[in-house]
Amino acid sequence: MPSIITADGAVHQLPKQLKGYEIAKQLSAPKNIVAVKINGIPGDLSGLVPDKAKVEFIQREEFLGLEILRHDCAHVLAQAVQELFPRTQITFGPAIENGFYYDFARDTPFTPEDLPKIEKRMHEIVNRNLPITRHIWTREHAIQFFKSKGEAFKAEHISTIPANEEISVYQQGDFIDLCTGPHLPNTGQLGKAFKLTKISGSYWRGDAKNAKLQRIYGTCWATEQQLKDYLHQQEEAEKRDHRRLGRTMGLFHLQEEAVGSVFWHPKGWTLYRTLENYVRSQIAHHDYREVRTPLLFDKSLWEKSGHWEKYRKDMFVFQEEEQILALKPMNCPAHVQIFKQGITSYRDLPLRMAEFGCCHRNEASGSLHGIMRVRSFTQDDAHIFCREDQVVGETIAFCRLLEKMYHDLGFPEFTVKLADRPALRAGTDDVWDKAENILHEAVKKAGLSYTVNPGEGAFYGPKLEFYLKDSIGRVWQCGTLQVDYIMPERLDASYIAEDGSKKRPVMLHRAVLGSLERFLGILIEHHGGRFPLWLAPVQVVVANITDASAVYAKNVYEQLQQLGVRTEIDTRNEKITYKIREHSESKVPLIFVVGTREAEQQQVAIRRLSGKDQDILSLAEALKHVQQEAKQP
RNA sequence: GCCGGAUUAGCUCAGUGGUAGAGCAACUGAUUUGUAAUCAGUAGGCCGCAAGUUCGAAUCUUGCAUCCGGCACCA
């Protein structure tokens, strides 16, 4: 008599070998299960469960369950598309965060009007409640089958599957797709909680050199409520869009005649400088020395540095009389020029050279995005010139600085990746071995856990990448630290060692924020424009209720200004509700409301952006509070 | 760079071949107001740019530019 073991360790005798869903019924498992883990491996509910197997059911709400639903949804999408658009080839259709997509090969692209039609057909397929069945095929049969159906991409994919792996296909009605599974027992269980969201071009196997494909994205959830919540959350995220807030808060604008460059308006520039000065104060504590280097260099420098060979396609280059000039895409070669002035002793190392360096990169037109991805940007850059035995210590110190800064800026969590040698690179494998080893050692000694990001290093060296998570869960790569043995060699930088010999320094390229433009975009979206007081471009608006309190309002305003608080005064002939609404919409953190009562008693009523209540304080107290709270960390 | 979509007043958007519209903002006046929109009036447009079709184009066609969503690339 066969048996199975449930998660709690109990052994259940069965009359005969049963399928997953039959066992679920027998054990009165919850109704919302989508698959079954057999000895820890996810499988179909419609498969037979072997004797003495350990059985755990997967519910639709849990991570694995959602993945199965989403993957099912991708199959239903593919079936719907093939029914509506015959001769469309299927390629890949994975589950992704919040949903799924499917890439199709088709001559005519989909249009937005197609989505509702396809979605309608998907619901029909769900309502057909088709059984979903798994079949194991031989490689030859599978290739033959897909070829006969005109599915060239599927056939090609099968031929790249390792020989020791079995070929499984899933069938629902007439639709058959290659897939490892698991899947639901039938299409009906998918339910209604899905929606097609966008269309896009893509490339076969993600490579721009390959065939162009048409991608359809969708979102899919365990319940309709979850779908509704997700769509609502997307709407909320849109309200944080830095491009929208940048306009409504009067921070910056962009225009056609200067594509990829930012026009900073007074308030935005205040924000920018506040952030820049914060960085300046932090690196000063770590013995950095700030410099300023040219933007424009002769081609010969870029040839020496290797940029001409490895980075030329991203550089702005032009000819002026007999000279070929390029705007710098990075600051490193310029910093080496300062390092090379005079003779450097080992005693001078480590030498930490910082610059808010303005760089230009000719980014692909399709990649530009608000102020987050521009062609003219400023890095919080620095290069640490040091001896090899100082690399580990410098890396640790940098990690401490970065932790502090991310914390201060409202990002307590970050993760680390180590990106190693890329295909297109300068230097020998020996040098790369050395650089990668030392970086692994350094990050471990800094006490940070990390993962490896293969092949993503800079052309001159491996790098640490620091990723932070914003308030709505998105992840951004900001900080970086790169170990470089190559640039000092190429640009002939040296120092005099203790024994009097000439040696090459190691260069650490490092940034905490990355680009100020991009980081400000992230900050705007992270806070939804509601900056902490120290960052807010306008910290306080003083608003009077009637003309009777205008003189007092002016007095309060002037006192705030005296203390260096960024203040505006609003004595317009408008109702206080109107003023409050307007300043709240432009995200001013504090409104000092003054009427005749406040004027008589030398008080202010403080209204915070976050709250509905007001605090009534004496003016002296209020000033003290604001000054305290507005202090830069 | 690739695939789609969009481009109309400062902003958000109507307007599918026949005299360019609304709300908000702006300006002017009235109102002196107590915690997220006081009322009335005025002004504001080469309908992204360029060609074409047509008696006639914001509207149809083509090209270009920019923006948006993805892809690819990436700070």
Side-chain angles (χ1 to χ4, degrees), chain A residues 101 103-104 106-115 197-217 238 241 243-244 247-248 250 253-260 313-314 329-330 357 359 361-381 456 458 463 465-466 476-480 509 511-519 521-522 543-550 571-586 591-598 605-609 611-614 616:
Chain A
Y101 66 78
D103 281 344
F104 300 96
R106 183 168 181 251
D107 292 336
T108 38
F110 296 105
T111 67
E113 293 80 57
D114 293 331
L115 291 188
T197 51
K198 50 200 168 195
I199 49 183
S200 152
S202 65
Y203 302 103
W204 171 241
R205 295 190 189 281
D207 189 332
K209 291 195 280 292
N210 291 344
K212 292 183 186 87
L213 305 174
Q214 306 295 331
R215 179 173 296 182
I216 297 179
Y217 283 92
E238 259 174 51
D241 191 309
R243 292 164 299 190
R244 176 189 177 124
R247 188 171 45 239
T248 56
H253 88 271
L254 301 157
Q255 73 183 46
E256 265 191 49
E257 290 85 347
V259 171
K313 67 174 175 42
D314 290 317
M330 299 181 193
C359 296
R361 296 183 188 173
N362 194 0
E363 301 291 345
S365 56
S367 68
L368 300 177
H369 176 87
I371 63 171
M372 302 257 214
R373 192 77 186 273
V374 287
R375 289 183 174 144
S376 171
F377 59 96
T378 305
Q379 298 176 314
D380 65 321
D381 201 8
E456 295 296 322
K463 60 181 175 185
E465 300 170 334
F466 298 88
W476 304 90
Q477 199 227 304
C478 293
T480 182
H509 308 238
V512 177
L513 310 183
S515 123
L516 267 89
E517 285 79 359
R518 179 160 175 273
F519 195 84
I522 294 168
N544 63 330
I545 290 172
T546 67
D547 287 349
S549 45
T571 50
R572 290 173 304 172
N573 177 11
E574 294 291 349
K575 287 175 72 168
I576 193 64
T577 50
Y578 179 89
K579 295 183 186 180
I580 285 170
R581 178 182 161 83
E582 215 177 67
H583 300 302
S584 298
E585 277 186 342
S586 59
I591 302 173
F592 281 14
V593 177
V594 294
T596 43
R597 289 206 296 271
E598 286 77 14
I606 302 181
R607 188 193 157 97
R608 286 182 178 271
L609 181 56
K612 298 206 174 352
D613 298 335
Q614 57 171 354
I616 299 186

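Note that the structure is predicted; figures quoted are calculated from it, not measured. Numbered from 1 within each chain, the chains take letters A, B, ... in sequence-line order.
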Heavy atoms under 4.0 Å, any strand shown: does [X] hit a base, just sugar-phosphate, or nothing?
X      : answer
A:I545 : base
A:R607 : base
A:R243 : sugar-phosphate
A:V374 : base
A:F377 : base

Determine whether any donor atom in the side chain of [X] lies under 3.5 Å from an acceptor atom in the base of [N], or the reverse, and answer yes or no.
X      : N     : value
A:R518 : B:A75 : no
A:E363 : B:A75 : yes
A:Q614 : B:G34 : no

For the CD atom of A:E574 and the NZ atom of A:K579, what is their distance to the nearest 0.5 Å?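 The distance works out to 7.5 Å.
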Output yes when at least one side-chain N/O atom of [X] is less than 4.0 Å from OP1 or OP2 of [N], else no.
X      : N     : value
A:T577 : B:A36 : no
A:Y101 : B:G69 : no
A:Y578 : B:U35 : no
A:R373 : B:C67 : no
A:K198 : B:C3  : no

Tell me which of A:T546 and A:L513 sits closer to the 5' end of RNA chain B, going by the nucleotide each one is nearest to.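 The residue closer to the strand's 5' end, by nearest nucleotide, is A:T546.
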Could you say whether A:K313 or A:H369 is positioned toward the 5' end of RNA chain B, judged by the nucleotide with the nearest heavy atom to each?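 Mapping each residue to its closest nucleotide by heavy atoms, the 5'-most match is A:H369.
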Atom-pair distance (OH on A:Y217; P on B:C3), nearest Å: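 From A:Y217 OH to B:C3 P: 17 Å.
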Contacts of A:E456 that satisfy salt bridge (Lys or Arg N to Asp or Glu O under 4.0 Å) - sequence neighbours left out: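 Counting only residues at least two positions away or on another chain, A:E456 forms no salt bridge (Lys or Arg N to Asp or Glu O under 4.0 Å).
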Return the nucleotide paired to B:G52: Watson-Crick means purine N1 to pyrimidine N3 with N6-O4 or O6-N4, wobble means G-U with N1-O2 and O6-N3, both under 3.5 Å.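 Base-paired to B:C60.
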When both hydrogen-bonding distances must be under 3.5 Å and the geometry is Watson-Crick or G-U wobble, what is B:C67 paired with, if anything?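 Pairing partner: B:G5.
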Counting primed atoms plus P, OP1 and OP2 as sugar-phosphate and everything else as base, spell out the protein contacts along nucleotides 5-13 of chain B at 4.0 Å heavy-atom distance: B, S or - for each nucleotide, 5' to 3'. S-----SS-
Under 3.5 Å, is there a donor-acceptor pair between the side chain of A:R375 and the main chain of A:E363?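 Present.
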Among residues at least two apart in sequence or on other chains, which ones pass side-chain contact (heavy atoms from CB on, under 4.5 Å) with A:A364?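 Once residues adjacent in sequence are excluded, the partners of A:A364 under the side-chain contact (heavy atoms from CB on, under 4.5 Å) criterion are A:S367.
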Residues, nucleotides or ligands: over 12 heavy atoms within 6.0 Å of A:D107 CG: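 No, CG of A:D107 has 12 or fewer neighbouring heavy atoms, counting only those of other groups under 6.0 Å.
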Using atom C1' of each nucleotide, how far apart are B:C49 and B:A57 to the nearest Å?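 About 16 Å, rounded to a whole number of Å.
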